[in-house]
Amino acid sequence: MDLKPVRVRFAPSPTGRMHLGSARTALYCYLLARRTGGQFILRIEDTDRKRFVEGAEQELINGLRWLGIHYDEGPDVGGPYAPYRQTERQQIYQKWSNELVARGHAYPCFCTPDRLEKVRQEQQKQKQTPRYDGLCRQLDPAEARRRVDAGEKHVIRFKMPTEGQTRAVDHMRGEITWENAQLDDAIIIKSDGLPTYHLAAMTDDFEMKVTHVIRGSEWLSTFPLHVNIIRALGWPEPVWMHLSVFLKPSGKGKMSKREQAAALGDGHSIFVTDLKQLGYIPAGVLNWIVLMGWGVAEDDVMTLDQMVQRFDIDHLTASPAAINFAKLDHFNGTHIRLLDTPTLAPLLKPFFAAEGYTVDDETLLKVTPLIRERLVTLDDCIPFAGWFFKESVSPNPADLVAKGLTPANSAAIANRAHDILSGLPAITHAEAEPPLRALVEELGLNPNQVFGILRVAVTGQVVSPPLFESMEIVGREKVLARIRAAIRLLETM
RNA sequence: GCCCCCAUCGUCUAGCGGCCCAGGACGGAGCCCUCUCAAGGCUCAAACAGGGGUUCGAGUCCCCUUGGGGGCACCA
């Protein structure tokens, strides 16, 4: 691919939550900018006041920050082409809209929503493609001008060519051709004076000197409109790329609200801020989404920096990708394992806190290496290590009985172990294991049987981090006390 | 209904005419390691949607069919 520095923008509208699709678009934009040493811009497309959602912009920004996708220019950081919120750029769109009308490429339309709706219904009844019937396109420009000046309510429509074809090139898909006769005269300025996406995005991309437009494939159908606007104004054309959508895990269509809720109940989500709360880390999420639409032959575990090194827009995939949460889990676990203890431990803390545990850093730092390779998500630290921060544990009596043995036998074994351990000045991994192994040998049992009793006695659970390391962290007095409690429990069975 | 896009293992993908009786990853199965659970190592099963062309040669190029997806708003 060409490595000349580019200017790319991520241009979401603050109308909802930030989902995986947006995150991937932002990621690809970011990767391309960094790869070429260019700039990555965040632009807020907030011209739809009806669907505007308070706080959505902040969630977007938080999401990008959390993922580590940093932008060079944006509403909160400024930049040479500020402002970066479209509602603050209204005069600019007005100017270019006027220019379009002056050049005969656009016209005022006085049709009411009511009339438009009737036309649409009529067309549908006749099995025709619903589109504007061009009534106001015939209007004499001077007459139209007079009505506008008189304050008559109107919109501005772009005058699409009616003959021939429109051709445009998508970098991933090649040349695409449309019959102009199929195209519609889209509204570019609404009656509230604000532009629609079509005018606003094209204008800003021009004004902000955007060289590469990476956006969702939902824009493919309005692609010919956009290139016609640009060409009518004589603006340079960017490199276009329309990324495909993400499909639900079954591969059939997009995720519905209901399915989103089901995924959440399962510990998964398509929303970035949810993922953070569910215990996913940015590196895992990033590695997961970057591979949905971009393939690497081998070594698919990558950090953000490694992605930058390898990213190549010539090798993006155009086909829709089904979401696979199992793969997210895999990448998340893999990247957690890549974290060193001083980095991982603080990430775990809020999850312990959320469960009501008070954790001291000293213990946490010792516990972290023991559970690191067992974590798929950060919140897995609770079942594995929550018990470390409890004053006492309450084992299920039945779990204390070793496989193939009676409660009495188990109690006797626990007693022997207790004697051995109490004879040690301190219970460390190095000092405790040999004599207990010897005990296993002497009794002619499996390590599993003996260590299993102790595991349940000390940790209160059947699954835990390694026994000896765990006992060392818990400390001699507590270990011995818990074994004695377990013996008493076994004796009452 | 109309327009446009897409099509390799269940899933994400490598492949850009011969290196492919198709490679990697997830998931699945088995084995090894092992104090539980993991992690790790090894092995196995698993795909070029179908049909026509072009070519000495096609997963790779073209066409059709089928299937899937997106769009058809004074939303983005």
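Below, chain A is the first sequence line, B the second, and so on; all start at residue 1. The analysis underlying the following values was restricted to heavy atoms, covering all of them including side chains, and did not include hydrogens, waters or symmetry mates. Since the structure is predicted, the reported quantities are computational estimates derived from the model, not experimental observations.
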Can you give the donor-acceptor pairs under 3.5 Å from side chains of residues 191-202 of chain A to other protein atoms, not counting sequence neighbours?
unit_1	atom_1	unit_2	atom_2	d
A:Asp192	OD1	A:Leu194	N	2.8
A:Thr196	OG1	A:Ile187	O	2.7
A:Tyr197	OH	A:Arg215	NH2	3.2
A:His198	ND1	A:His226	NE2	2.9

In whole angstroms, the gap separating C1' of B:A39 from CG of A:Asp380 amounts to 14 Å
Considering only nitrogen or oxygen atoms on both sides, find all protein atoms under 3.5 Å from nucleotides 71-76 of chain B and state each distance.
unit_1	atom_1	unit_2	atom_2	d
B:G71	O2'	A:Ser221	OG	2.6
B:C72	O2'	A:Pro130	O	3.0
B:C74	O2	A:Ser191	N	2.7
B:C74	O2	A:Ser191	OG	2.6
B:C74	N3	A:Ser191	OG	3.1
B:C74	N4	A:Cys111	O	3.4
B:C75	OP1	A:Lys50	NZ	2.8
B:C75	OP2	A:Lys190	NZ	3.4
B:C75	O2'	A:Asp48	OD2	2.2
B:C75	O2'	A:Arg51	NE	3.2
B:C75	O2'	A:Arg51	NH2	3.2
B:C75	O2	A:Arg51	NH1	3.3
B:C75	O2	A:Arg51	NH2	3.1
B:A76	OP1	A:Thr47	OG1	2.9
B:A76	OP1	A:Lys190	NZ	2.7
B:A76	OP2	A:Tyr197	N	3.2
B:A76	O2'	A:Ser13	OG	2.7

Those residues at least two apart in sequence (or on a different chain) that pass side chain to side chain contact (heavy atoms under 4.5 Å, CB included) with A:Ala402 are A:Leu405, A:Ser410, A:Gln449, A:Ile453
Between CG of A:Asn287 and P of B:U13 the distance, given in whole Å, is 14 Å
pair_partner(B:A25), Watson-Crick or wobble, both distances < 3.5 Å, evaluates to B:U11
B:A45 -> Watson-Crick or G-U wobble partner, both distances under 3.5 Å, gives none
For residues 159-180 of chain A, the ring pair (Phe, Tyr, Trp, His ring centres under 6.0 Å) pairs (sequence neighbours left out) are A:Trp178-A:Phe223
Residues passing the side chain to side chain donor-acceptor pair (under 3.5 Å) test with A:Asn228, sequence neighbours excluded, are A:Thr166
Residues at least two apart in sequence or cross-chain that pass salt bridge (Lys or Arg N to Asp or Glu O under 4.0 Å) with A:Asp114, listed by chain then number, are none
Measure all distances between protein nitrogen or oxygen atoms and nitrogen or oxygen atoms of nucleotides 47-51 of chain B, and list the pairs falling under 3.5 Å.
none

Would you say the side-chain atoms of A:Gln461 and A:Ser464 include a donor-acceptor pair closer than 3.5 Å? no
Without swapping roles, check the side chain of A:Arg416 against the backbone of A:Ala412 for a donor-acceptor pair under 3.5 Å.
-> no
So ring pair (Phe, Tyr, Trp, His ring centres under 6.0 Å) across residues 106-135 of chain A, not counting sequence neighbours, yields A:Phe110-A:His154
Applying the 3.5 Å cut-off to both distances, the Watson-Crick or G-U partner of B:C2 turns out to be B:G71
The side chain to side chain contact (heavy atoms under 4.5 Å, CB included) partners of A:Glu373 (sequence neighbours excluded) come to A:Arg337
Between CG of A:Leu225 and P of B:C3 the distance, given in whole Å, is 18 Å
inquiry  = Taking any heavy-atom pair under 4.0 Å as a contact, classify A:Thr459: base, sugar-phosphate, or nothing.
reply    = nothing
The contact string for nucleotides 19-38 of chain B, one letter per nucleotide 5' to 3', using protein heavy atoms under 4.0 Å with B, S and - for base, sugar-phosphate only and none, comes out as ----BSBB--------BBBB
| task | Could you tell me whether A:Gly216 contacts a base, only the sugar-phosphate backbone, or nothing, with contacts defined as non-hydrogen atoms closer than 4.0 Å? | result | nothing
Separation of B:G69 atom P from A:Met292 atom CE, nearest Å, is 18 Å
In a table with atom names and distances, give each donor-acceptor pair under 3.5 Å that connects a side chain of residues 49-56 of chain A to protein atoms at least two apart or in another chain.
unit_1	atom_1	unit_2	atom_2	d
A:Arg49	NH1	A:Asp46	O	2.6
A:Arg51	NE	A:Asp48	OD2	3.1

A:Trp178 CH2 to B:C3 C1', in whole Å, measures 10 Å
message = Taking only the C1' atom of each, what is the distance from B:G15 to B:C20 in whole angstrom?
response = 9 Å
A:His315 meets the ring-ring contact (aromatic ring centres under 6.0 Å, His included) criterion, sequence neighbours left out, with none
For B:A38, the nucleotide meeting Watson-Crick or G-U wobble distances (both under 3.5 Å) is none
